[in-house]
Amino acid sequence: MKYHVYLLGAVLLMTACKGKLHTHATDSLAIRKKYAVSPVLDAKTAIQHMVTEKGLEVQLVASEPLVTVPVAMTFDEKGRMWVVEMTGYMPDTVGTGEDIPNGKIVILEDTNKDGVADSRKVFLDSLVLPRAICLLENGVLIAEPPKLWFVEIDNDKPGKRTLVDDKYTEGGNVEHQPNGLLRAMDNWIYNAKSDKRYRKAGDKWLKEETHFRGQWGLSQDNYGRLFYNNNSENVLGDYFPPALGAHNPQQRNVAGYDEKIVSDKRVFPIRATTGVNRGYMKGILDDSLRLNEMTAACSPLVYRGQLLGKAYDNNVFVAEPSGNLVKRNLIQDSGYIVKGKEAYHNKEFLASDDERFRPVSLYDAPDGALYVVDMYRGIIQHKTFLTPYLKSEIKSRNLTNPLNCGRIYRIVPANTKVTPVQLENDPQKLLASLNNNNGWIRDKAQQMIIDHHYTILIPALRERLQKTDSINGQMHALWTLEGLGALHLTDIQLLLQQKNPYIQAQALAALPAVITPVNGVQIAEELAHLTQNVFLAPYVALLLPVLPAKQAGILQTELIKHYANDKYVADAIISNNAGKEADLLKEMPDTTLLIAKRLKLVLKNIESHKNEKLTEGLKKMYPRGAVIFKTVCQTCHGADGNGIQSLAPPLNESGIVTGDKQRLISIVLYGLTGPVEVGGKTYKAPEISGDMPGIGSNDEYSDKDIAQVLSFIRNCWSNKAPAITEKEIQDVRKQNKGRQKSFTLKELSK
């Protein structure tokens with residue numbers, strides 16, 4: 001509270017000079033007084049504090065004690081909810097007991113069909129901070145950092161456990177570890193905050209590298225394209241199929257992936273939101289003490305449920321727990337490019353004046369409604385970056401308790417009675433469901449046909465490919481055949497002959513499943529006819545790595561001839577040239593071509609990676625620093641120190657890192673806000689997150705620890721600079737005693 005009083009005192013002092021500031025201070029005090037108490041509301045009362053779109057209503061599906069601290073969920077074919085309970089998350093402001101195995105996977109069911117869950121079964125308990133779940137075949141994938149488990153289901157009880165990945169998470173804190181486990185249309189399972197994807201093939205698990213995506217939650221649209229975000233970005237996503245374009249590990253960014261879909265970041269809470277981590281900083285809150293821009297955006301959902309009406313189809317909804325709201329965005333295709341905007345200004349799709357309303361996950365459902373998972377708690381910021389300001393806010397309004405709440409809501413048209421929807425495990429009915437208007441049902445029908453190996457449907461699925469009455473039915477028939485291992489080249493050729501470019505694109509996306517050494521030459525020859533098609537040219541370029549080398553080279557030459565200044569085709573070609581980038585650059589007739597410029601960037605990355613061997617020696621020299629880097633820093637700046645698109649700038653070859661010690665120490669202790677220049681390039685919002693939080697107030701890290709991590713990054717990769725000592729950390733603390741707010745580079749330059 002000391003800083004809180006100091007802050008208001010400073011504002012009041014300034015009012016002596018300006019009446020406007022005096023009025024603002026008075027208003028701020030009145031607003032703080034109004035929201036000084038943050039009562040805990042029961043679930044039904046909490047709905048009365050919500051405002052949603054006209055014509056819609058919020059219905060309660062489940063609440064405590066039936067469910068507590070829910071963070072993720074999925075539905076099974078019976079319409080039951082499998083919910084992940086992260087019970088151990090932040091019991092207090094220092095995270096006491098987060099390592100206690102008290103997390104659970106529970107099954108919630110509406111047994112009397114009145115639309116409200118009334119049955120709870122604990123499927124699995126004794127988990128430490130579980131975070132994601134995915135049903136498939138006879139079991140369930142469960143993410144429990146650092147491991148990914150597959151647990152067989154035996155009459156709603158856990159059976160045999162298989163360790164799928166013992167390094168599902170590597171480093172990072174709770175807010176910055178892989179999650180999601182989205183079983184996508186292409187039959188692979190994708191993750192947010194990760195560059196891994198998984199697939200079960202018989203008794204074996206396949207694991208492959210893919211594009212790094214987002215932070216918390218991801219979703220797919222009707223074409224199987226993935227959408228995601230990070231805490232300060234509204235909607236990011238892919239223009240092209242998720243499986244393509246990730247063949248060159250030296251290529252940091254591939255055009256058409258991790259694109260900014262919706263740049264609008266403003267939020268419009270209906271209450272004062274002073275309880276945000278940076279609430280003391282100028283510009284974070286408006287004159288009404290309400291959050292200005294996203295700071296905890298998560299779980300984007302491409303709504304495909306139909307129940308809300310056509311106006312909401314393929315809208316992207318985003319949860320913002322810091323603002324106690326859910327945002328609605330409109331997206332639209334322009335060729336293969338996808339762009340969008342917020343649905344309306346000055347209001348939100350769903351907002352609450354209850355500070356403990358914390359929507360963290362959004363879902364489509366069998367019944368077509370939009371489901372909202374609410375952790376319902378005061379603390380959502382993890383301890384790693386928790387500021388003294390927010391600790392004071394939590395204490396003043398007693399936001400630590402309770403810890404045993406949690407709600408699941410659904411949003412439906414007003415006065416709609418919703419009952420659970422079940423998918424009958426009948427092959428013919430599942431086949432018919434591939435045409436259903438509800439995207440969740442189409443996805444589940446495809447998955448059930450594959451999981452139960454209904455090969456009896458192969459002739460009917462192949463017949464379904466020929467019917468052009470429903471593009472959704474065609475696409476799901478295509479990928480169901482792929483999942484059954486029954487897709488043939490003739491199926492692809494059939495779809496490529498159709499006029500709909502989106503169907504043609506799906507056929508190209510599925511092409512890797514049918515390429516063999518025998519038919520590779522024929523396929524390449526057929527693709528050559530598509531290089532003149534502007535819409536399909538990037539897809540052809542993205543397929544080069546899976547074609548026979550000679551034919552791929554011929555196609556590549558043709559593509560360069562026509563699309564050397566097209567960034568999507570250029571990056572796809574570079575993806576095909578891992579280890580051959582220098583040779584390809586020599587072949588460029590003109591070094592001013594866009595493809596040549598992008599090749600030079602990759603070659604620069606390769607050069608900087610040559611120094612990565614030094615990292616192993618540094619880990620021994622600064623063991624604690626290496627651990628902190630992996631846990632805190634690399635989640636935004638990347639394991640290679642070269643930054644992560646949409647999150648943070650590079651640490652590698654950064655003058656800020658290797659330059660003045662006091663400046664670097666100040667940034668790490670207190671944080672940095674505003675634009676940053678690294679290597680002659682200015683990084684600023686919205687390209688990256690606008691703020692870097694400090695860790696100086698985190699009791700978990702001593703000054704010796706901080707000295708180690710700074711010394712580590714100052715000598716990692718291509719960096720080489722004098723180490724930093726514990727005393728130097730202490731000296732900067734003394735110079736800035738009482739400081740809470742972040743620095744700007746302009747301020748530090750003085």
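- The CG atom of Leu430 lies 11.5 Å from the CG atom of Asn436; values are rounded to the nearest 0.5 Å.
- Counting heavy atoms of neighbouring residues, nucleotides and ligands inside a 6.0 Å radius, atom NZ of Lys196 exceeds 12 of them.
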side-chain contact (heavy atoms from CB on, under 4.5 Å) between Lys200 and Ile189, intermediate numbers included: CA-CA 9 Å; Lys200 193 170 185 291; Ile189 297 165; over 6 Å; no

Asn231 vs Glu175, side-chain hydrogen bond (donor to acceptor under 3.5 Å, both in side chains): CA-CA, chis, key distance, verdict: CA-CA 9 Å; Asn231 57 13; Glu175 294 181 4; 5.3 Å; no

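- Although no hydrogens or angles enter the test, the distance criterion places a donor-acceptor pair under 3.5 Å between the side chain of His637 and the main chain of Pro649.
- In this structure, Ser718 contributes its side chain and Glu653 its backbone to no donor-acceptor pair below 3.5 Å.
- Side-chain atoms of His476 and Asn435, non-hydrogen and from C-beta on, never get closer than 4.5 Å to each other.
- The environment of CD in Glu463 is sparse: at most 12 heavy-atom neighbours from other residues, nucleotides or ligands sit within 6.0 Å.
- Heavy atoms only, all atoms of each residue included: Pro146 and Thr169 are closest at CA-OG1, 2.9 Å.
- For the residue pair Tyr502 and Asp333, a side-chain donor N or O sits within less than 3.5 Å of a side-chain acceptor on the partner.
- Of the candidates Asn576, Leu527, Leu244, Leu544 forms a side chain to side chain contact (heavy atoms under 4.5 Å, CB included) with just one, namely Asn576.
- In terms of modelled atom types and a separation under 3.5 Å, the side chain of Arg442 and the main chain of Asn222 share no donor-acceptor contact.
- Side chain of Asp165 to backbone of Leu148: no donor-acceptor contact under 3.5 angstrom is found.
- Paired with Met475 under the rule side chain to side chain contact (heavy atoms under 4.5 Å, CB included), one option of Ile503, Leu434, Thr480 passes, and it is Ile503.
- Across all their heavy atoms, Pro300 and Tyr228 have their closest contact at CG-CA, 3.4 Å.
- The closest side-chain donor-acceptor pair between Gln474 and Gln498 falls under 3.5 angstrom.
- More than 12 heavy atoms of other shown residues, nucleotides or ligands fall within 6.0 angstrom of atom CD in Gln532.
- Few gaps surround NZ on Lys207; more than 12 heavy atoms of other groups in view lie less than 6.0 Å from it.
- For Gln215 and Asn229, the side-chain atoms include no donor-acceptor pair closer than 3.5 Å.
- Tyr223 contributes atom OH, which lies 4.5 Å from atom CD1 of Ile471 (distance to the nearest 0.5 angstrom).
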side-chain contact (heavy atoms from CB on, under 4.5 Å) between Ile573 and Tyr563, worked out: CA-CA 10 Å; Ile573 289 171; Tyr563 302 99; over 6 Å; no

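- Listed by chain and number, the residues in a side chain to side chain contact (heavy atoms under 4.5 Å, CB included) with Ser361 are Trp216, Ser299, Tyr363, Val373 (sequence neighbours excluded).
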Test side-chain hydrogen bond (donor to acceptor under 3.5 Å, both in side chains) applied to Gln251 and Asn605, step by step: CA-CA 8 Å; Gln251 190 177 14; Asn605 289 335; over 6 Å; no

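- Under the 3.5 Å distance criterion, the side-chain polar atoms of Asn329 are matched with a main-chain donor or acceptor of Val316.
- Side-chain atoms of Arg197 never come within 3.5 Å of backbone atoms of Glu209 as a donor-acceptor pair (strictly under, hydrogens ignored).
- A distance of 7.5 Å separates CZ of Arg213 from CG of Leu218, quoted to the nearest 0.5 Å.
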Test side-chain contact (heavy atoms from CB on, under 4.5 Å) applied to Thr210 and Tyr257, step by step: CA-CA 11 Å; Thr210 180; Tyr257 294 91; over 6 Å; no

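- Separating the CG atom in Leu330 from the OH atom in Tyr312 is a distance of 10.0 Å, to the nearest 0.5 Å.
- A distance-only check finds a donor-acceptor pair linking the side chain of Asn438 to the backbone of Ala365 [under 3.5 Å].
- Checked for salt-bridge contact, Glu320 and Lys327 miss the test: no charged N lies under 4.0 Å from a carboxylate O.
- Side-chain polar atoms of Glu342 and Asn234 form no donor-acceptor pair below 3.5 angstrom.
- In plain terms, the two heavy atoms of Ala72 and Ala132 that are nearest each other are CB-CA, 4.5 Å.
- The closest side-chain heavy-atom distance from Ser433 to Met448 is not below 4.5 Å.
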Residues Phe240, Val254; criterion side-chain contact (heavy atoms from CB on, under 4.5 Å); working and verdict: CA-CA 11 Å; Phe240 304 115; Val254 179; over 6 Å; no

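- Closest approach of Val302 to Phe227, counting heavy atoms only: CG2-CD1, 3.7 Å.
- Partner of Tyr454 under the side chain to side chain contact (heavy atoms under 4.5 Å, CB included) criterion, out of Leu457, Ile458, Asp451, Ile450: Leu457 alone.
- Ser575 places a side-chain N or O within donor-acceptor distance of the main-chain N or O of His247, the cut-off being under 3.5 Å.
- Atom CZ in Arg131 sits 5.5 Å away from atom CG in Asn179 (nearest 0.5 Å).
- Salt bridge Arg183/Asp443: absent, no basic N to carboxylate O contact under 4.0 Å.
- Remark: Asp469 engages Arg464 in a salt bridge, criterion side-chain N to carboxylate O under 4.0 Å.
- Under the 6.0 Å cut-off for aromatic ring centres, Trp205 and Tyr168 do not qualify, their centroids lying 6.0 Å or more apart.
- The closest side-chain donor-acceptor pair between Gln493 and Gln497, if any, does not fall under 3.5 angstrom.
- Here Leu141 contributes atom CG and Ile133 contributes atom CD1; the two are 9.0 Å apart, rounded to the nearest 0.5 Å.
- At distances below 3.5 Å, at least one donor-acceptor pair connects side-chain atoms of Asn230 with backbone N or O atoms of Glu233.
- Glu259 places none of its side-chain heavy atoms less than 4.5 Å from the side chain of Val338.
- The main-chain N or O of Ile574 is never found under 3.5 Å from a side-chain atom of Lys580 such that the two would form a donor-acceptor pair.
- Open room surrounds NZ on Lys147; 12 or fewer heavy atoms of other groups in view lie less than 6.0 Å from it.
- Asn577 and Gln556 share a side-chain donor-acceptor pair at under 3.5 Å.
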